[in-house]
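In what follows, a structure is listed as structure tokens, so that the remarks can point back to it.
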Amino acid sequence: MLRHCHKAFVAFVVIATVGMIICSHSLFKGNTGQSHPRRLMGAVNNSQSSGATSSIRWPRSRCKERRRVAFAKNHKVGGDTVKNILSRYGYIRKLNFLLPRSLVASMTYPYSLYPEFYLPAPPNQTFDMLVYHTVYNRTRFRQILPRNTVYLTIIREPLNHLKSIWNYYGLQNRFLIKSNGEHAILTFLNNPEKYDKTCGHGHHVPYCLTQNSVSVDLGFPATDNRRVTLGCDADEREVITQKFLRTIHDDFHLVMITEYFDESLVLLKRLMCWTLQDILYYKANVRHYAAKRTQIPPDVRQIHREWSYVDYSLYHYFNQTFWKRVQAAGNDFWGEVRYFRRINQQMREFCDIASRLNPCPVSLQTLVANDTRWSPGFTIDHDFCLRAKRDLSCYYSLQTERAAKALRLNHSNIHLYGGMGPRNNLQRSSAVAKSAVSLKRWTKTGSRKNAMYHANVHKLSGQDVVGPHCLYCSLENCRPFDYLTHFFKDGYVSSDTYRTIMRRINLKLAGRCNVTNLELP
């Protein structure tokens, strides 16, 4: 029973696991015929929370799951991590994503949310999720998405945001600031108008680099920046700013905050009536850089507040509403946050271990979470690990493959929607060759016989199986096993073919470990 879970953790040792890629497809039993062990996870000490050990169980009919999401994705605010969570959720449930054409994720940014820039929804269906970069436009979003769509975004403390933008987009070089003994970002902040003179920087960088960058991504008119900048009329600036804040308040169901990321995810989970498993995550696109540690003097901070006044007002307003929402959340909100953090850490530890190659797998473990007052129970296995560690470009590729199938595209008409997959034999051969190099890293041997054998496996998995079904993918955005599993799960690769490939790939491994029973997922 759950009330006993806090007494002890059930120790687990991942015995001889293989890489996550191989393990997610090949489940072995040892000669002893032992079953796959399971570890109970998420036990929480009484000092941290009573929720996990409470006799209150998850009420199955408490709320109705919501699946449609419009995520207004801003630059450098932790949006890639949120996008990965949403992508995994939607991919598992085969939801319809609004996908920028030509495998260019920023194709709809900044002001290009029009049909010529994205793939249409399948016939007689609607879009369920919008997660790619575009400037928020109330009218266009509501024209494209159903009325029951939930609107989300995430914002970040403006000075921290500037530091991240500064590093990621190399603003010191863009603004031609030379080192003069003072850190370049301080040089910029002492006179931002001198360096960042206008907005409008293309598809792949924020439309406004440093001035109200987040607000402009959320629909604040870039042309109004001159009316809210340093030395402007304070009363007019306040009227313009408050009008914008009211729009965001009215349009968005939840404004998440980067500095309180886990708390934001728990609020998201409650809003959507999702499970804790749905919001487990790895951080995406995280970097370390010197500017993050740069100390900004108070007078220079004040210049930045005036320079990016709307962003500061946005953050201040929604920081306040965020904490009011937390205070009203009920159901031991902080207990759920602590429990979520513990489970998320255990998931990462398990998946990280499972991704390391081991010469002789004997069994495959799982992590198990039982029902709590906050969420129904669930199991973490190697399939989940594969999806959790899958990067954004791979999800984009697989989503586009699925959309293309729904639109009945093939190699002869893919150009109608800006196809960028391999379209001729030469390109396909090149893609297969690159796939073979990737597979060889995972199954490297010194034997010529084994090398010849693996070459046959490469050909089978890359060309004969994946190739005929692959329209947009180049066998580069995802690992070969991601593509293979995708087409198998979606019914394009038969179970017999899939079984043959997996048996061949693991033949040497099974022989070395004297494993006789191969189980497919």
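The chain is numbered in sequence order, starting from 1.
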Between R325 and E263, is a salt bridge (Lys or Arg N to Asp or Glu O under 4.0 Å) present by the stated rule, with each step listed?
CA-CA 11 Å; R325 191 165 188 160; E263 294 88 340; over 6 Å; no
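- T379 and D381 share no donor-acceptor pair across their side chains, judged by distance under 3.5 Å alone.
- Here the straight-line distance linking atom OG of S308 with atom CG of L159 works out to 10.0 Å at 0.5 Å rounding.
- The SG atom of C394 lies 9.5 Å from the NE2 atom of H486; values are rounded to the nearest 0.5 Å.
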Start with the C-alpha gap between N84 and S87, add the side-chain angles, then the distance that decides, and say whether side chain to side chain donor-acceptor pair (under 3.5 Å) holds.
CA-CA 5 Å; N84 221 352; S87 294; 5.1 Å; no
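- P206 and I165 get closest at one heavy-atom pair: CG-CD1, 3.6 Å.
- Taking every heavy atom of both residues into account, H304 and Y312 meet most closely at ND1-OH, 2.8 Å.
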Side chains of residues 141-150: which donor-acceptor partners sit under 3.5 Å, not counting sequence neighbours?
| from | atom 1 | to | atom 2 | distance (Å) |
| --- | --- | --- | --- | --- |
| R142 | NH1 | Y136 | OH | 3.0 |
| Q143 | OE1 | R140 | NH1 | 2.5 |
| N148 | OD1 | R68 | NH1 | 3.1 |
| T149 | OG1 | P146 | O | 2.8 |

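- Side chains of Y89 and I279 form no contact here, defined as non-hydrogen atoms less than 4.5 Å apart.
- Salt-bridge formation is detected for the pair D352/K389: a Lys NZ or Arg NE/NH1/NH2 atom is positioned less than 4.0 Å from an Asp or Glu carboxylate oxygen.
- Aromatic ring centroids of H469 and Y483 lie 6.0 Å or more apart.
- Shortest non-hydrogen contact noted between Y282 and T81 is O-CG2, 3.5 Å.
- For Y111 and Y207, the gap between ring centers is short of 6.0 Å.
- Using a 4.5 Å cut-off on side-chain heavy atoms (C-beta onward), Y317 and H249 make contact.
- Shown here for F220 and V310, the closest heavy-atom pair between the two residues is CZ-CG2, 3.9 Å.
- Checking side-chain atoms of N167 against main-chain N and O of S164 turns up no donor-acceptor pair under 3.5 Å.
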Step-by-step side chain to side chain donor-acceptor pair (under 3.5 Å) determination, Y395 to N477
CA-CA 9 Å; Y395 271 120; N477 289 340; over 6 Å; no
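- To the nearest 0.5 Å, the span separating CG on D251 from OH on Y151 amounts to 8.0 Å.
- Judged by the 6.0 Å and 45° rule, K405 forms a cation-pi pair with Y492.
- At least one side-chain heavy atom of N319 sits under 4.5 Å from a side-chain heavy atom of Y260.
- Within the structure, the salt bridge (charged side-chain N to carboxylate O under 4.0 Å, His left out) test picks out no pair touching residues 204-219 (sequence neighbours left out).
- Checking side-chain atoms of S397 against main-chain N and O of S393 turns up no donor-acceptor pair under 3.5 Å.
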Tell me, with the steps shown, if K283 and D80 meet salt bridge (Lys or Arg N to Asp or Glu O under 4.0 Å).
CA-CA 8 Å; K283 292 182 180 180; D80 279 347; over 6 Å; no
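- With S213 contributing its side chain and C208 its backbone, the two residues share a donor-acceptor pair below 3.5 Å.
- One finds the CG atom of N96 at 5.0 Å from the CD atom of Q125 (value rounded to the nearest 0.5 Å).
- Y315 and E259 share a side-chain donor-acceptor pair at under 3.5 Å.
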Start with the C-alpha distance between Y339 and W374, add both sets of side-chain angles, then the distance that settles side chain to side chain donor-acceptor pair (under 3.5 Å), and finish with yes or no.
CA-CA 9 Å; Y339 184 66; W374 308 294; over 6 Å; no
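- A donor-acceptor pair under 3.5 Å is absent between the side-chain atoms of D311 and the main chain of P158, judged by distance alone.
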Should E65 and R93 be marked as a salt bridge (Lys or Arg N to Asp or Glu O under 4.0 Å) after you check the CA-CA gap, both sets of side-chain angles, and the distance that decides it?
CA-CA 12 Å; E65 182 180 6; R93 291 159 180 82; 3.4 Å; yes
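- With contacts defined as side-chain heavy-atom distances shorter than 4.5 Å, the pair F378/L280 qualifies.
- At a threshold of 4.0 Å, the pair R338-E336 does not count as salt-bridged, since none of the basic side-chain nitrogens sits closer than that to a carboxylate oxygen.
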Show, in sequence, the C-alpha distance, side-chain angles and deciding distance for F71 and L130, and conclude whether the side-chain contact (heavy atoms from CB on, under 4.5 Å) test is met.
CA-CA 6 Å; F71 177 51; L130 191 163; over 6 Å; no
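- When side chains are defined from C-beta on, Y109 does not count as touching P100, because their heavy atoms never get closer than 4.5 Å.
- Note that OH of Y132 and CE of M107 are 13.5 Å apart. Values are rounded to the nearest 0.5 Å.
- The closest side-chain heavy-atom distance from L245 to L314 is below 4.5 Å.
- A cation-pi arrangement is present between R348 and Y281 under the rule of less than 6.0 angstrom and at most 45 degrees off the ring axis.
- A distance-only check finds no donor-acceptor pair linking the side chain of T108 to the backbone of T134 [under 3.5 Å].
- For S264, there are no side-chain hydrogen bond (donor to acceptor under 3.5 Å, both in side chains) partners, not counting sequence neighbours.
- The residues D490 and K94 are annotated as salt-bridged, a charged nitrogen and a carboxylate oxygen being separated by less than 4.0 angstrom.
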For F487 and Y498, what are the C-alpha separation, side-chain angles and deciding distance, and is it a side-chain contact (heavy atoms from CB on, under 4.5 Å)?
CA-CA 10 Å; F487 289 117; Y498 182 73; over 6 Å; no
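- Although no hydrogens or angles enter the test, the distance criterion places no donor-acceptor pair under 3.5 Å between the side chain of S375 and the main chain of D371.
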Show the numbers, then the answer: is there a side-chain contact (heavy atoms from CB on, under 4.5 Å) between L268 and M272?
CA-CA 6 Å; L268 171 65; M272 303 299 294; 3.6 Å; yes
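- Between I155 and M256 there is no side-chain heavy-atom pair separated by less than 4.5 Å.
- The CG atom of L119 sits 7.5 Å away from atom CG of L409, with the distance rounded to the nearest 0.5 Å.
- In the model, Y168 has no side-chain atom that pairs as donor or acceptor with a side-chain atom of H75 under 3.5 Å.
- A pairwise comparison of heavy atoms in I248 and F318 identifies CG2-CZ, 3.5 Å as the closest pair.
- Looking at every heavy atom in both residues, L86 comes nearest to W274 through CD2-CH2, 3.7 Å.
- With respect to R67 and D128, no salt bridge is recorded, no charged nitrogen being found less than 4.0 Å from a carboxylate O.
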Dump the intermediate steps for side-chain contact (heavy atoms from CB on, under 4.5 Å) on R390 and R88, then the final yes or no.
CA-CA 9 Å; R390 185 176 284 164; R88 185 182 73 228; over 6 Å; no
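- The shortest side-chain heavy-atom distance between H161 and V77 falls under the 4.5 Å cut-off.
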For N74 and T153: C-alpha separation, side-chain torsions, deciding distance, then whether side chain to side chain donor-acceptor pair (under 3.5 Å) applies.
CA-CA 8 Å; N74 306 313; T153 192; 3.0 Å; yes
